[in-house]
Every structure is written in C-alpha cells, then in structure tokens.
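Step one of this worksheet: look at the structure below.
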Amino acid sequence: MRISFLEAVKMIKNGSVVALPTETVYGLAASIHQPEAIESIFNLKNRPRINPLIIHLANFEQISLYVETLPINFKELVDFFWPGPLTCILPIKKKSIHSNVTASLSTAGFRIPSLEITRQLIREVGPIVMPSANLSGRPSATTAEHVELDFGLNFPVLDAGSSEGGIESTIIYYDKSEWLILRQGAIPAEAFTSILKYQPRLIEKNLEKKPLSPGQLFRHYSPLTPLYLNPLENESHYSHILGFQERNYSHSKQFISLGSLYEPKGVAKNLYANLRLLDQKHSLGAWVDMDFPSFELWKTIAERLNRAAEKN
Ligand code: TXA
Ligand code: MG
C-alpha cells in the first residue's frame with residue numbers, strides 16, 4: 001500500500017512500522033522512541049534478535065544524544081561522506097538507546113541518509129531505526145514492489161522509485177588505533193584513503209571469534225534460486241545466466257543482464273532486482289559470470305554475489 005509523506009510521518013509517530021526509500025536500499029522504519037514498533041520489525045523480518053539495527057539521523061548534532069566521545073578522524077569522515085551511505089559504529093552512552101536496537105552491545109551504528117525525502121521525514125519524526133526492507137536472508141528491496149513482495153500488498157510503503165545506489169551502506173568501526181570495514185558497501189575501501197591516509201582493512205567473517213558485526217553470522221542476500229559461481233559448473237544445474245551485456249553466452253540458457261562491465265554503479269543498482277527476478281521466473285538455477293574487475297565497487301558486488309550463493 002503506497003502511502004504519502006504525511007501518512008508516513010503520522011504512522012511512525014503513532015508507533016507503526018513503515019517502509020521508506022533511501023539512496024542505498026529500502027528500509028523498515030520505526031521511531032527510536034517506540035520499543036514495540038522496533039520489536040515488531042524483528043518479527044516482520046524474522047530477524048535474529050542478536051542482530052542490531054542502524055540508527056538513521058537527520059543531522060550531525062543528533063549524534064550527541066547517544067555518543068560522548070568521537071573517535072579520531074570521525075569528524076573528517078562524516079564531513080566528507082554524510083549525508084550518504086556510510087554507517088559508523090560508535091561507543092554509546094549507557095542507557096541512551098533501548099537494548100532491542102543495539103542487541104545489548106555497548107556500540108550502535110549511525111548514518112545520515114542522503115535521499116532528501118528520508119532526511120526530511122527524520123527531521124519530522126526524530127531518529128529512526130531501519131534495517132533493509134526484506135525478509136531476513138533474502139535480497140534487499142530496492143523498489144516499493146520488492147517490499148510488497150516480501151511483506152504483502154497491504155504493507156505501508158513510501159514509494160520514491162528505485163534506490164539509486166542499490167547496495168547497502170559501508171559499515172566502519174574504529175578499533176584501538178585504526179578504522180576497519182565491517183561490511184563492504186556502496187562506498188569502496190579505496191575511497192577512504194584520501195582522508196585516513198590508509199585503506200581501512202576489511203574484517204572478514206571468522207567463525208572462531210565473536211564477530212565485530214553480528215550481521216556477518218547470518219545468511220544474506222540470497223534468492224531461493226540456487227546460484228552457481230564456478231566457471232566449470234555442470235550446465236544441467238541451471239536455466240539462467242546472469243552476465244554482462246558485452247559478452248556472449250550459451251544460447252540454450254535464458255540471459256539476464258547484470259549490466260555493463262564498464263558501469264559498476266549500474267550493476268550495483270540493479271543487482272538485487274536481478275536476484276529477485278530469478279525467483280519471480282521460478283528459475284531452476286543461475287550461473288553467474290564472476291569474471292569482472294576486482295577493485296572499488298566491483299569488490300562489494302562480488303561479496304554480495306558470494307554471500308547470495310552461500311547455501312546457509
Ligand atoms: O544502507 C543501509 O545501511 C540500509 C538502509 C536501509 O539504511 N540498512 C541496512 O540495515 O542495511 P541492516 O539491518 O540490513 O544491516 C545492518 C548491519 C547488520 O549487519 C548489523 O549486524 C550491523 O549493521 N550492525 C548494526 N549495529 C551494529 C553494531 N553496533 N556493531 C556492529 N554491527 C552492527
Ligand atoms: Mg539487511
């Protein structure tokens with residue numbers, strides 16, 4: 001159900017959950033002051049309670065409601081990247097945020113979205129929490145239709161067309177003496193070097209250690225359709241090929257274009273829509289052409305496809 005800006009404001013203030021657009025992906029939004037609405041986000045998504053939510057702010061000043069000490073280079077980073085697809089994990093003041101947002105951690109994730117309508121709404125209702133608007137484990141939603149496919153036609157969505165970025169925010173964390181990347185995202189690792197004078201290290205999933213980001217533990221971005229990333233995959237396993245417009249593939253398979261090898265932004269923008277398309281077409285399986293560059297946004301695209309192809 002499409003709702004207007006004013007309806008979205010009213011519903012969030014009254015303690016409902018609504019889906020909102022952002023420049024990365026659509027999110028399921030609740031006021032940070034409505035613990036019951038926050039609780040229902042976990043139920044709606046079937047999201048593990050130990051996976052914390054990102055707090056979305058309208059301006060920099062709101063940070064001081066929750067955070068006392070800011071890590072080194074934080075100000076420079078957010079002056080450069082906010083509003084935009086950067087989430088910073090920061091140590092929070094005790095009891096300043098309900099434990100169902102933070103999963104009882106002593107930190108929380110913050111970002112200021114760059115989509116104007118989203119920020120305007122946060123200005124009206126105050127800070128909101130907002131995970132991606134998809135059933136837990138499935139590809140994120142980048143259109144209002146995707147939200148309705150996961151949560152039903154009656155679910156309230158503020159429709160602003162398809163999300164420009166198409167991939168979630170990059171998550172960073174300052175640990176001891178350096179900034180680390182906890183989730184690759186719309187801002188590539190290389191983009192931080194002009195400010196930090198080093199490229200932040202990516203912290204990969206390590207099953208022996210407690211993860212710095214609980215989200216690493218769970219299945220993510222996966223369509224129901226099995227994905228095959230191996231170049232030598234047995235052809236009888238799949239009916240579709242996800243590939244690039246510049247290349248020719250076997251004519252015996254149905255081709256879905258990921259976009260151009262020269263336009264990673266376009267590939268990112270449509271990535272989840274393409275993964276969702278496979279399920280809509282009841283695909284037997286899809287072979288994915290992983291032969292693309294391995295720098296900047298391409299790295300995030302490869303990571304999302306690798307995660308999407310994981311069996312559990
Ligand atoms: O682009 C985005 O970030 C989107 C849009 C809607 O803003 N939101 C989003 O939220 O991707 P979600 O909930 O799907 O992913 C949030 C990730 C999870 O992997 C979670 O574990 C991690 O952020 N996270 C949240 N708080 C954290 C914390 N205090 N420490 C470490 N990781 C945290
Ligand atoms: Mg998500």
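Throughout, residue positions are numbered sequentially from 1 according to the sequence presented. From a predicted model like this one, the values you see are computed outputs, not experimental measurements.
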>> I want to know whether F292 and F244 have ring centres closer than 6.0 Å.
In response: yes
>> Can you confirm if the aromatic rings of F192 and F81 lie within a centre distance of less than 6.0 Å?
In response: yes
>> Hydrogens and angles aside, do R183 and S169 bring a side-chain donor and acceptor to less than 3.5 Å of each other?
In response: yes
>> For a quick check under 3.5 Å, do E310 and S222 share a side-chain donor-acceptor pair by atom type?
In response: no
> What's the shortest heavy-atom distance between A144 and Y26, and which atoms?
Replying inline: N-CZ, 3.8 Å
>> Could you tell me if E246 and S260 have a donor-acceptor pair between their side chains, going purely by distance under 3.5 Å?
In response: yes
> In terms of side-chain heavy atoms, does S16 have a donor or acceptor partner in N14 at a distance below 3.5 Å?
Replying inline: no
> Hey, are T225 and D279 close enough side-chain-wise for a donor-acceptor pair under 3.5 Å?
Replying inline: yes
> So, E7 versus S4: side-chain donor-acceptor pair below 3.5 Å or not?
Replying inline: yes
> Taking the six-membered ring of Y238, is NZ or CZ of K253 closer than 6.0 Å to its centre and within 45° of its axis?
Replying inline: yes
>> Under 3.5 Å, is there a donor on one side chain and an acceptor on the other for Y228 and E235?
In response: no
>> Ring of F151, cation from K45 - is the NZ or CZ under 6.0 Å from the centre and inside 45° of the axis?
In response: no
